[in-house]
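First comes the structure, then the notes that go with it.
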Protein chains: 2
Amino acid sequence: MIDTVKIAKALSDPIRYKMMLMLAQSEEGCCPIPGEDDQRPGLCNCEFMSALGMIQSRVSYHMKELVDAGLVKEEPRGKWKMYFINTKTLRQYMEQLTQDFAL
Amino acid sequence: MIDTVKIAKALSDPIRYKMMLMLAQSEEGCCPIPGEDDQRPGLCNCEFMSALGMIQSRVSYHMKELVDAGLVKEEPRGKWKMYFINTKTLRQYMEQLTQDFAL
DNA sequence: ATATAATATTAAAATAATTTGATATGTCAA
DNA sequence: TTGACATATCAAATTATTTTAATATTATAT
């Protein structure tokens with residue numbers, strides 16, 4: 001079962017919302033591993049650091065919040081960690097809102 | 001334009017989420033004014049106080065947050081103030097999420 | 001094995017949100 | 001008008017969240 005309040009909390013920070021937008025809009029992955037052809041969308045920490053002007057530990061902290069809420073999936077990829085948006089959770093969140101509030 | 005982050009923040013507190021659920025589920029209004037037949041759903045502060053065991057100023061504070069986010073409409077009604085859920089904002093919120101995250 | 005690079009964790013400081021009790025405002029009824 | 005009741009506001013105390021800098025961990029390449 002989905003924790004609506006927790007998801008709302010994860011979405012309630014402007015930085016985290018921007019991160020989610022970045023993930024949703026990322027067309028091609030950053031930090032591709034040479035020799036591998038997997039170019040799935042997804043971003044690594046460094047992208048958020050440069051795009052949002054944040055230090056590394058701050059990015060890491062917010063990413064953890066998003067992952068804990070189930071909004072983002074992560075996958076180690078070489079020496080980087082790639083992040084992907086988890087649209088399933090977002091859809092479940094909206095479904096729950098629809099039910100809870102009879103929309 | 002809708003402020004997604006602000007709405008998420010309003011929904012991110014367990015007390016406020018419960019209040020929203022109460023508003024969504026209220027079948028008939030409390031504190032009806034004698035002689036008036038308007039029995040639209042809606043609740044007044046006293047309902048939240050007794051149902052959630054909260055003191056008045058706390059209820060008032062959280063209600064203000066919900067109203068400020070556009071999730072709740074209020075209407076003075078005799079010496080009480082009645083609160084109604086604003087489903088339009090919730091629908092707009094979900095629409096925005098759908099767009100922002102390509103759901 | 002060592003050096004380098006990317007991310008994670010930690011503890012402290014800074015900031016923000018919530019709770020409470022006291023008081024103020026507004027409405028109705030007598 | 002006064003008294004009673006419902007809600008609003010305020011300031012202080014509490015609690016939670018966020019930020020930072022330092023350090024630890026993990027993986028890669030030489």
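Excluded from the calculations below are hydrogen atoms, water molecules and symmetry mates; all remaining heavy atoms, backbone and side chain alike, are included. Letters A, B, ... are given to chains in the order of the sequence lines, protein chains preceding strands, and every chain is numbered from 1.
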Find the distance [X]:[atom1] to [N]:[atom2] and express it as a whole number of Å.
X	N	atom1	atom2	value
B/K79	C/dT27	NZ	P	13 Å
A/R58	C/dA12	CZ	P	21 Å
A/E47	C/dT7	CD	P	10 Å
B/W80	D/dC5	CH2	P	12 Å
B/E74	D/dA6	CD	C1'	14 Å
A/M54	C/dT7	CE	P	13 Å
A/I15	C/dT15	CD1	P	16 Å
B/M49	C/dT19	CE	C1'	14 Å

Least distance between heavy atoms, [X] atom then [Y] atom:
X	Y	answer
A/I15	A/M54	CG2-CE, 3.6 Å
A/V5	B/S12	CG1-O, 3.4 Å
B/A10	B/A69	CB-CB, 3.6 Å
B/M19	B/L52	CG-CD1, 3.8 Å
A/C44	A/M82	CB-SD, 3.9 Å

*Looking at residues 62-70 of chain A, who's got a heavy atom less than 4.0 Å off DNA chain D?*
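A/H62 - these, ordered by number, are the residues of the stretch whose heavy atoms sit under 4.0 Å from the strand.
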
At what distance, to the nearest 0.5 angstrom, does [atom1] of [X] lie from [atom2] of [Y]?
X	Y	atom1	atom2	result
A/T4	B/L11	OG1	CG	9.0 Å
B/L66	B/M63	CG	CE	6.0 Å
B/K73	B/Y83	NZ	OH	14.5 Å
B/K6	B/D68	NZ	CG	5.5 Å

*Could you list all the side-chain hydrogen bond (donor to acceptor under 3.5 Å, both in side chains) pairs where at least one residue sits in residues 50-62 of chain B, not counting sequence neighbours?*
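Qualifying pairs: B/R16-B/H62.
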
_Rounded (10°) bend between the five-pair end axes of the helix from C/dA1-D/dT30 to C/dA30-D/dT1_ =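 Answer for the end axes of this duplex: 30°.
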
Would you tell me if any nitrogen or oxygen in the side chain of [X] comes within less than 4.0 Å of OP1 or OP2 on [N]?
X	N	result
A/K81	C/dA8	yes
A/N45	C/dT7	yes
A/S60	C/dA8	yes

*Side chain to side chain, A/D13 and A/E65, heavy atoms closer than 4.5 Å*: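 No, side chains not in contact.
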
*Quick one: does A/M20's side chain get under 4.5 Å of A/V72's, heavy atoms only?*
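Yes - at least one pair of side-chain heavy atoms lies under 4.5 Å apart.
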
Which atoms of nucleotides 21-23 of chain C (N or O only) lie under 3.5 Å from a protein N or O atom, and what are those distances?
residue	atom	partner	partner atom	Å
C/dG21	O6	B/S57	OG	3.4

Would you tabulate the nitrogen or oxygen pairs shorter than 3.5 Å linking the protein to nucleotides 15-17 of chain D?
residue	atom	partner	partner atom	Å
D/dT17	OP1	A/K9	NZ	3.1

Side-chain donor-acceptor pairs under 3.5 Å in residues 87-103 of chain A, sequence neighbours left out?
residue	atom	partner	partner atom	Å
A/T87	OG1	A/R91	NH2	3.2
A/T89	OG1	A/G70	O	2.6
A/T89	OG1	A/N86	ND2	3.3
A/Y93	OH	B/Y93	OH	2.8
A/Q96	NE2	A/D100	OD1	2.9
A/T98	OG1	A/M94	O	2.7
A/D100	OD2	B/Y17	OH	2.7

*Is A/M22 reachable from A/I55 through a run of I, L, V, M, F, W or Y residues, each pair having side-chain heavy atoms under 4.5 Å apart?*
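No: no chain of side-chain contacts under 4.5 Å links A/I55 to A/M22.
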
